[in-house]
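Encoded as structure tokens, the structure appears first; notes follow it.
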Amino acid sequence: MLIERLNILLPYQVRRLTEEDGDEIFALQRRHPEYHALFLNHKVKKADVLSDLTSIPEGVLPENKFYLGMYDVDNLVAIADVVLNFPTSKTAWLGLIMVDYDAVGQGIGGKIIEKLKQALMRERWLCPYNGVN
């Protein structure tokens, strides 16, 4: 339901990303070396990207992991890593949101976060009284 709701709310085609999308994800991420410099002691590698697709915190069910791609026709515009029921029940953790380098500064990331928040609240994965405005 989360993906279906995002497809209604966003002007992009949203879908779960898989290993088959690894080249696209890697191409998007490697154009953000400053981000990866904060978290890695090396340049981002395709293996890092592929690992992120299935990496989940301990105790989280794999079906609660949503590594999402937002597409404008065939172009990957943004990615978002969302985990449901983490860190507590009925909460959602946004592990990453990254917009294509050429689209940075256009408000796309903020719009995705806002619509993701709306979708999660609608699907009762995020409650307004948990500090969400």
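Computed over heavy atoms, backbone and side chain alike; hydrogens, waters and symmetry mates excluded.
Both Leu68 and Ile108 are assigned to one and the same hydrophobic cluster, defined by single-linkage of ILVMFWY side chains at heavy-atom distances under 4.5 Å. Residue Leu120 is grouped with residue Ile97 when hydrophobic side chains (ILVMFWY) are merged at heavy-atom distances under 4.5 angstrom, including chains of intermediate members.
Between Leu84 atom CG and Lys65 atom NZ the span is 11.0 Å, to the nearest 0.5 Å. One distance of note links CG of Asn41 with NE2 of His36; it measures 13.5 Å at 0.5 Å rounding. How far CD1 of Ile56 is from CG of Leu61: 7.0 Å, rounded to the nearest 0.5 Å. The structure places CD of Glu19 at 9.0 Å from NZ of Lys46, a figure rounded to the nearest 0.5 Å. Taking CZ from Arg15 and CG from Asp21, the interatomic distance works out to 4.0 Å, rounded to the nearest 0.5 Å.
Other residues, nucleotides and ligands place no more than 12 heavy atoms under 6.0 Å from the CD atom of Glu58. Within 6.0 Å of CD on Glu20 lie no more than 12 heavy atoms contributed by other residues, nucleotides or ligands.
Although no hydrogens or angles enter the test, the distance criterion places a donor-acceptor pair under 3.5 Å between the side chain of Asp100 and the main chain of Asp102. For the pair Asn85 (side chain) and Lys90 (backbone), a donor-acceptor distance under 3.5 Å is present.
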Scan the side chains in residues 2-10 for donor-acceptor partners under 3.5 Å anywhere in the protein, sequence neighbours excluded, and list what turns up.
unit_1	atom_1	unit_2	atom_2	d
Glu4	OE1	Met1	N	2.9
Arg5	NE	Glu123	OE2	3.1
Arg5	NH2	Glu123	OE2	3.3
Asn7	OD1	Val14	N	2.6
Asn7	ND2	Ile3	O	3.2
Asn7	ND2	Val14	O	3.1

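For the pair Glu114 and Lys111, the salt-bridge criterion is not met [side-chain N within less than 4.0 Å of a carboxylate O].
Under the ring-ring contact (aromatic ring centres under 6.0 Å, His included) criterion, the residue pairs touching residues 92-114 are His32-Tyr101, Phe86-Trp93, with sequence neighbours excluded.
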- Task: Under the side-chain contact (heavy atoms from CB on, under 4.5 Å) rule, what do Leu94 and Asp81 come out as? Steps first, then yes or no, please.
- Result: CA-CA 6 Å; Leu94 178 61; Asp81 184 7; 5.8 Å; no

- Task: Evaluate the criterion side-chain contact (heavy atoms from CB on, under 4.5 Å) for residue pair Met121 and Lys117; output intermediate values, then yes/no.
- Result: CA-CA 6 Å; Met121 286 172 36; Lys117 185 170 66 172; 4.1 Å; yes

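The other members of the hydrophobic cluster of Leu53, by chain and number, are Leu17, Ile25, Phe26, Leu28, Tyr35, Leu38, Phe39, Leu40, Val44, Val49, Leu50, Tyr67, Tyr71, Leu76, Ile79, Leu96, Met98 (side-chain heavy atoms under 4.5 Å, ILVMFWY only).
Side chains of Asp48 and His42: a donor on one and an acceptor on the other come within 3.5 Å.
Residues Arg16 and Pro62 share a closest heavy-atom pair of NH2-O, 4.5 Å.
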